[in-house]
Amino acid sequence: MAVPDVPVYNHAPPTQENLEWADLATVDMSNADTVEGRKALVKQVHDAIKNEGFLYVVNHGFTPEQTKRMFDLANYAIENVNEEEKSHYVGNMREDGSYRGYKPRKFWHIANGVRDEIEQYNMNFRDILNRAHPKPLRPFVAEIDAFTKYAHFRIFNNLLRIIAMSLGLDEERFVKNHDHSAEAETFLRFVKYFPRPEEDEQKSQNVWLKGHTDLVSLTLLFSQPVSALQIMTKDGKWKWVKHVENAIVVNIGDAIEFLSGGYYQSTIHRVRQPPDDQRDYPRVGVIYFVSPHDDVELRPLIESPLVQQMDLTKMRFAGEKIPFMEEYRKSRVMNYGGLQPTRAGVRREVEEENLGGVVVKHYN
Ligand SMILES: O=C(O)CCC(=O)C(=O)O
Ligand SMILES: [Fe+2]
């Protein structure tokens with residue numbers, strides 16, 4: 001069977017505006033397949049995670065054509081599948097506590113009655129090949145699976161090994177908990193953000209996706225030109241993440257924070273309206289979220305000398321029952337973006353929301 005043509009997706013040109021860019025380290029992964037090569041990166045990765053919690057990865061092995069092709073397919077999953085077909089693949093976040101399938105626009109509440117304009121198609125790592133996908137996507141499933149496997153086994157695993165070493169742990173300590181021998185909320189996301197009416201921009205103070213930390217271990221964001229992602233720096237300022245051609249923007253999520261006893265902290269980030277010269281363009285993304293297995297207890301790894309130095313009584317779940325990854329992600333995914341009243345916190349304009357027993361902070 002001939003594989004259909006996928007229209008080429010053209011992103012907006014990079015912004016010409018001089019924004020306040022975050023100062024992020026660039027990690028060259030050319031030699032990361034050898035132990036020596038990884039050892040040479042430990043200090044740089046350690047410092048980048050400590051300082052910003054975000055970093056760029058380059059020379060990861062994907063060619064610009066390969067990543068570009070995934071953006072074409074991401075756009076295809078949103079634009080070339082009709083609504084009727086999509087309706088059979090809508091995810092069940094609120095019931096399953098898992099992202100699988102389509103997340104329609106306006107599913108989440110952002111602020112003052114404004115809902116999101118973000119459409120996604122999520123594919124769990126474990127069943128990209130076995131699960132049914134919308135008809136137009138089927139000819140590309142093997143290609144998407146191969147892309148995801150490479151991202152996981154080459155890029156992600158090598159990063160995990162470097163992070164384990166940076167904590168004085170056995171190199172394979174985290175790899176074993178993320179190898180998909182067990183259920184895990186690890187998935188590739190195709191996403192498209194659509195420009196919003198001015199009225200919505202005002203009511204939501206230009207926020208497209210509220211400030212949050214990712215609940216997973218690491219997030220791999222394939223860099224694209226539409227500037228909208230911002231991180232909160234240690235001194236409480238929002239800084240923009242600059243596009244770097246064919247780089248992967250990596251950030252640390254809550255699971256690593258918990259396992260490292262807070263030695264590493266997940267970084268707060270948000271998505272906001274792009275600058276003037278990109279304002280009328282949609283924003284297509286390809287993101288790989290990697291989580292520990294559901295049966296991993298989110299307990300600090302006290303075999304790490306660095307974790308031993310931490311005051312673990314200050315950890316989020318200190319003195320309480322420590323959740324397993326499954327409980328933690330379900331409580332967050334099921335309840336995220338609902339319309340429940342939120343309690344205003346005190347630190348950095350924090351809104352705290354009690355999501356099924358787990359307090360989740362929104363930073364606006
Ligand atoms: O679209 C982006 O750049 C980031 C999205 C994000 O933070 C998320 O989906 O968790
Ligand atoms: Fe995020």
Side-chain angles (χ1 to χ4, degrees), residues 9 11-12 14-15 19 21-22 24 49 52-57 67 70-71 74-75 77-78 91 93 97-105 107-108 110 116-124 185-196 206-232 238-245 247-257 265-275 278 281-291 328-329 332-333 335-337 355 360-364:
Y9 182 73
H11 296 279
T15 181
L19 304 173
W21 303 112
L24 305 183
I49 299 174
E52 308 293 349
F54 267 70
L55 50 92
Y56 295 106
V57 162
T67 44
M70 250 341 98
F71 282 99
N75 188 58
I78 307 294
M93 272 88 90
S98 162
Y99 291 106
R100 275 188 166 100
Y102 284 98
K103 182 206 82 70
R105 286 159 76 163
F107 186 76
W108 294 319
I110 306 291
D116 74 274
E117 294 297 345
I118 309 168
E119 186 167 352
Q120 307 171 342
Y121 185 65
N122 300 302
M123 290 157 281
N124 190 287
E185 182 73 350
T186 289
F187 59 99
L188 186 71
R189 169 173 293 169
F190 289 159
V191 55
K192 191 163 187 174
Y193 297 75
F194 294 87
R196 303 184 308 187
N206 311 95
V207 172
W208 283 11
L209 184 65
K210 291 208 251 192
H212 65 280
T213 57
D214 290 349
L215 62 97
V216 294
S217 299
L218 296 184
T219 302
L220 274 56
L221 287 146
F222 291 83
S223 190
Q224 54 71 47
V226 182
S227 294
L229 177 62
Q230 294 184 320
I231 67 170
M232 190 182 271
W238 290 112
K239 293 264 175 80
W240 298 77
V241 175
K242 197 178 176 114
H243 169 53
V244 174
E245 201 57 41
I248 303 174
V249 178
V250 176
N251 72 286
I252 291 283
D254 296 343
I256 295 286
E257 176 169 327
Q265 290 187 356
S266 51
T267 298
I268 300 154
H269 54 284
R270 69 177 183 185
V271 179
R272 53 148 294 154
Q273 187 188 32
Q278 295 184 321
Y281 290 88
R283 181 171 182 270
V284 171
V286 174
I287 313 179
Y288 187 47
F289 293 92
V290 199
S291 173
Y328 183 63
R329 62 123 167 135
R332 282 207 36 185
V333 176
N335 299 294
Y336 184 79
L355 301 181
V360 171
K361 296 176 163 61
H362 297 290
Y363 305 84
N364 299 313

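Numbering of ligands and ligand atoms starts at 1, following listing order.
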Open item on the list: Between Arg105 and Glu119, does any NZ, NE, NH1 or NH2 come within less than 4.0 Å of an OD or OE carboxylate oxygen?
Closed with: no
Of all N, O or S atoms in Asp214, the one closest to the Fe ion (ligand 2) is OD1
If we number the atoms of ligand 1 from 1 as shown, the ones under 4.0 Å from a heavy atom of Leu221 are 2 (C), 3 (O), 4 (C)
*Fit a plane to each ring of Trp208 and Tyr193, take the angle between them on a 0 to 90° scale, and name the class: parallel (under 30°), tilted (30 to 60°) or perpendicular (over 60°).*
parallel
Going by the 4.0 angstrom heavy-atom rule, the piece of Asp214 near ligand 1 is side chain
Of all protein heavy atoms, the one nearest atom 9 (O) of ligand 1 is Arg189 NH1, 3.2 Å
Per-atom filter on ligand 1: closer than 4.0 angstrom to a heavy atom of Phe289 are 8 (C), 9 (O), 10 (O)
- prompt: Which class fits the ring pair Phe71 and His11: parallel under 30°, tilted 30 to 60°, perpendicular over 60°?
  reply: perpendicular
- prompt: Looking only at side chains, do Thr267 and Asn251 share a donor and an acceptor under 3.5 Å apart?
  reply: no
task: May I ask you to decide if Ser266's main-chain N or O and Glu257's side chain share a donor-acceptor pair within less than 3.5 Å?
output: yes
The NE2(His269)-the Fe ion (ligand 2)-NE2(His212) angle, to 10°, is 90°
Heavy-atom proximity to atom 3 (O) of ligand 1 ranks first, among Arg270, Arg283, Gln120, His269, for Arg283
Counting from 1 in the order shown, the ligand 1 atoms closer than 4.0 Å to a non-hydrogen atom of Tyr193 are 1 (O), 2 (C), 4 (C), 5 (C)
The closest protein heavy-atom partner of atom 6 (C) of ligand 1 is Leu209 CD2, 3.7 Å
*asked:* When you measure from the side chain of Gln120 to the backbone of Arg189, do you find a donor-acceptor pair of N or O atoms at a distance under 3.5 Å?
replied: no
CZ (Phe194) and NZ (Lys192) are apart, to the nearest 0.5 Å, by 5.0 Å
